[in-house]
Amino acid sequence: MVAGSVAVLATGCSFVQQQTGDAWSVTYEVSVDQPSGAALTDVRVEGAEKRGDAPEVHRLGTQETGTEETGTWEHESIVLAEQRASVRATPARGATATCRILLDGKREIATETAAAGEPVTCSVDTPAFD
């Protein structure tokens with residue numbers, strides 16, 4: 001009975017934290033050195049789709065880069081302060097991909113570039129609020 005109560009209490013605390021905790025608007029970006037409309041496969045992001053949702057890894061499958069001259073794909077998520085934010089994507093064979101994680105669409109907190117044709121991954125714990 002005690003173990004069940006602890007599990008319910010922990011779940012309840014987690015729910016309250018998701019509802020009221022400090023949260024960042026996180027922008028995930030993946031750019032490739034190919035023209036717009038390039039395919040990215042095995043795309044995954046970690047976070048919540050909206051405030052109050054439990055954070056999880058969202059498998060987005062295949063995505064296309066945008067219509068800018070530099071092929072960039074973006075996705076917005078909500079990540080609580082001091083929690084993990086991550087993005088992973090695989091470019092087409094021979095293409096090089098770079099990922100970035102931005103807070104509030106501006107402040108870069110992670111960047112990584114992978115070898116041509118290899119998956120790129122950015123992962124970082126978001127900072128505490130000041």
Side-chain angles (χ1 to χ4, degrees):
M1 181 73 168
V2 171
S5 297
V6 170
V8 169
L9 181 61
T11 303
C13 289
S14 177
F15 177 77
V16 169
Q17 178 68 11
Q18 293 163 17
Q19 296 292 322
T20 62
D22 291 335
W24 293 102
S25 172
V26 172
T27 302
Y28 297 114
E29 287 184 357
V30 178
S31 301
V32 295
D33 62 352
Q34 292 185 331
S36 62
L40 295 167
T41 58
D42 193 27
V43 178
R44 304 172 194 179
V45 297
E46 187 169 356
E49 292 303 307
K50 63 182 182 197
R51 180 80 173 176
D53 286 354
E56 61 182 89
V57 175
H58 300 273
R59 295 176 185 271
L60 304 177
T62 300
Q63 302 289 311
E64 283 189 6
T65 61
T67 57
E68 310 89 40
E69 286 182 27
T70 59
T72 301
W73 170 85
E74 291 186 358
H75 184 83
E76 303 287 327
S77 282
I78 302 294
V79 178
L80 293 175
E82 301 182 77
Q83 297 293 312
R84 189 167 83 149
S86 67
V87 60
R88 179 185 194 278
T90 304
R93 171 180 255 158
T96 300
T98 299
C99 60
R100 294 188 335 143
I101 299 176
L102 306 169
L103 297 180
D104 296 332
K106 298 175 186 160
R107 182 174 154 199
E108 181 179 279
I109 59 170
T111 187
E112 194 69 43
T113 300
E118 295 297 316
V120 65
T121 301
C122 285
S123 183
V124 65
D125 287 344
T126 59
F129 271 44
D130 296 332

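Taking every heavy atom of both residues into account, Ser31 and Thr72 meet most closely at OG-OG1, 3.0 Å. Across Leu40 and Pro91, no two heavy atoms sit closer than the pair CD2-CA, 4.0 Å. Here the closest heavy-atom approach between residue Ala95 and residue Asp33 is recorded as CA-OD1, 3.5 Å.
Under the side chain to side chain contact (heavy atoms under 4.5 Å, CB included) test applied with Thr27, the options Glu74, Arg100, His75 reduce to a single match, Glu74.
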Donor-acceptor pairs under 3.5 angstrom involving side-chain atoms of residues 111-125: please list them, not counting sequence neighbours.
residue : atom : partner : partner atom : Å
Thr111  : OG1  : Cys99   : O            : 3.2
Thr113  : OG1  : Thr98   : OG1          : 2.8

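Atom CG of Asp53 and atom CD1 of Ile78 lie 9.5 Å apart (nearest 0.5 Å). A distance of 8.5 Å separates CG of Leu103 from OG of Ser25, quoted to the nearest 0.5 Å. The CD atom of Glu29 lies 12.0 Å from the OG1 atom of Thr65; values are rounded to the nearest 0.5 Å.
Within the structure, every pair that satisfies the salt bridge (Lys or Arg N to Asp or Glu O under 4.0 Å) test and touches residues 83-98, not counting sequence neighbours, is listed here: Asp42-Arg88, Glu46-Arg84.
In this structure, Glu82 and Pro127 have side chains that are not in contact, with every pair of non-hydrogen atoms separated by 4.5 Å or more. Using a 4.5 Å heavy-atom threshold, the side chains of Trp73 and Leu60 count as touching.
The aromatic rings of Phe129 and Trp24 lie tilted to each other, with the angle between the two planes from 30° to 60°.
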